[in-house]
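Below is one structure, written out as structure tokens, with a few remarks after it.
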There are 2 protein chains.
Amino acid sequence: MKSNLILQTAVSHFAKEGYEGASLSKIADEVGIKKPSIYAHYKGKDDLFLSAVQYSLHTLKAQLAAYFNSMREEPLESLLLGYFEWLAKESRDNERMKFIIRVAYFPPLKLETEVGKLFNPFFDTMHRHLTRLLRERHRHEKVFHSEDFSNAALAYLTITEGVMNELVYSGMEKYNQRLQAVWPIFWRGLIR
Amino acid sequence: MKSNLILQTAVSHFAKEGYEGASLSKIADEVGIKKPSIYAHYKGKDDLFLSAVQYSLHTLKAQLAAYFNSMREEPLESLLLGYFEWLAKESRDNERMKFIIRVAYFPPLKLETEVGKLFNPFFDTMHRHLTRLLRERHRHEKVFHSEDFSNAALAYLTITEGVMNELVYSGMEKYNQRLQAVWPIFWRGLIR
DNA sequence: TTTCACCTTCCTAACGGTCGTTAGGTTATA
DNA sequence: TATAACCTAACGACCGTTAGGAAGGTGAAA
């Protein structure tokens, strides 16, 4: 499927150079075709970009579901902390995570609203599922200091983003450093 | 000073469109001059961009020093929490903060190393000053759970970045929401 | 005090290059 | 035979940059 190869190459280029910085010529070069051939698969640069966003979010969603499902039986702290390791492992080689973060924070101005329409439901779903997870765990075993699970989930997501930025920007070492700094404090503040 | 007006306009454009997306024509238009006139003040786009980074970091550094100095006598939690309010107020109208964050996380590829040379000392200084502040406060009054002040400072900075991203991306409302979610947990985890 | 050279700042015009995109044709697959 | 996938060629638009010159101010020499 050439169309999919174009998409993945595009993700990598958009991640590294941004929407404006990436060029269809260079994407086509890496795929091994000529620039106009891209138009046999996508309507234009915007279409390719939005398809890349959609594809990336869809893939991430599936991976997240798989992770949380596989950790269903684990203790809560292993699950929440393991998520960070999982994120690091997942985003080490592939550039999809970097692309997602870049687009979330700095979408191209002219596609801002359309990007938002793709992202906002994603974040809301994340928040909702996490809130439910915390609440259910608390029902079986009173682990938390507060019963405001929505805010606890939001706090967790905030920290996720904080260290994830460090991951895409400064690499694995500083990421682990940050994680080890912030997690004990956060966890201690969270539980009873 | 026309040269300074160009610089500030450039900051605003680079913040909104990124290095590749911003164009010298549009910057010149907003300043009220023609594009080649920029070359009377800066050697080229790269020079203008790096000057903008330097100027922004220099200004931020001065403002930070002023804030922490003015809060010298305040209780620690007021100082640390007030910093978030201060950040929000400072970055509401001006685009300098957005520019700084964007450049820190997604510098133009070809200027990556030079940008790093400007940013890394800045973050290191922040981390060092904050560590010292926490240690000194603890000497006068035992407030903290742990005595690893370096990691506590790092955790604080991580949270700062996490919510600050929310500020530049989603605006004031979601920023406050996140801050109110994460702060009580963080503070509870930090103190004895 | 005038003159002249110099420098800064701005301009118009134009350069080569890259961008995204389209037209139109070829080839292979279904 | 129709359609999808690719090609070459070329389009207009914009990019950063340079050349070359006009205007105005500054400061030293006459």
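Chain identifiers are assigned alphabetically (A, B, ...) following the order of the sequence lines, protein sequences preceding nucleic acid strands; residue numbering begins at 1 within each chain.
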Pair B:Q180-B:N176, side-chain hydrogen bond (donor to acceptor under 3.5 Å, both in side chains): steps then yes or no: CA-CA 6 Å; B:Q180 281 171 32; B:N176 279 321; 5.2 Å; no
For residues 32-45 of chain B, which side-chain N or O atoms pair as donor and acceptor with protein atoms under 3.5 Å away, sequence neighbours left out?
from, atom 1, to, atom 2, distance (Å)
B:S37, OG, B:K34, O, 3.3
B:Y42, OH, B:S3, O, 2.8
B:Y42, OH, B:S3, OG, 3.4
B:K45, NZ, B:Y19, O, 2.9
B:K45, NZ, B:A22, O, 2.9

Pairs under 3.5 angstrom only: tabulate donor-acceptor contacts from the side chains of residues 73-83 of chain B to other protein residues two or more places apart or in another chain.
from, atom 1, to, atom 2, distance (Å)
B:E77, OE1, B:W187, NE1, 3.1
B:E77, OE2, B:W183, NE1, 3.0

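Between B:R192 and B:V143 the shortest side-chain heavy-atom distance does not fall below 4.5 Å.
Remark: B:P184 engages no residue in a side chain to side chain contact (heavy atoms under 4.5 Å, CB included) (not counting sequence neighbours). Partners of B:K26 according to the salt bridge (Lys or Arg N to Asp or Glu O under 4.0 Å) rule, which considers only residues two or more places apart in sequence or in another chain, are B:E17. Applying the side chain to side chain contact (heavy atoms under 4.5 Å, CB included) rule to B:H127 yields the partners B:T131, B:S150, B:A153, B:L154, B:L157; only residues at least two apart in sequence or on another chain are considered. Annotation: salt bridge (Lys or Arg N to Asp or Glu O under 4.0 Å) contacts of A:E161 (sequence neighbours excluded): B:R178. With sequence neighbours excluded, the residues satisfying salt bridge (Lys or Arg N to Asp or Glu O under 4.0 Å) with B:D46 are B:K110. Residues satisfying the salt bridge (Lys or Arg N to Asp or Glu O under 4.0 Å) criterion with A:K142, sequence neighbours excluded, are absent altogether.
Atom P of nucleotide D:dC7 and atom NZ of A:K34 are separated by 7 Å, given to the nearest angstrom. Atoms CD1 (B:I38) and P (C:dC11) sit 10 Å apart, rounded to a whole Å. Atoms OH (B:Y42) and P (C:dC10) sit 11 Å apart, rounded to a whole Å.
Contact between the side-chain N/O atoms of B:K2 and the OP1/OP2 oxygens of C:dC10 is found at a separation under 4.0 Å. Between C:dC10 and B:H41, a contact under 4.0 Å exists linking OP1 or OP2 to a side-chain N or O.
Stem list for DNA chain D (at least 3 consecutive Watson-Crick or G-U pairs, distances under 3.5 Å): C:1-30 with D:1-30.
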Base-contact (B) and sugar-phosphate-only (S) positions in nucleotides 14-19 of chain D, heavy-atom cut-off under 4.0 Å, - elsewhere: -SBBB-
Protein-to-nucleotide contact annotation, 5' to 3' order, nucleotides 25-30 of chain C [B base; S sugar-phosphate only; - none; under 4.0 Å, heavy atom]: ------
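Residue pairs meeting the salt bridge (charged side-chain N to carboxylate O under 4.0 Å, His left out) criterion with at least one member in residues 117-134 of chain A: none, sequence neighbours excluded.
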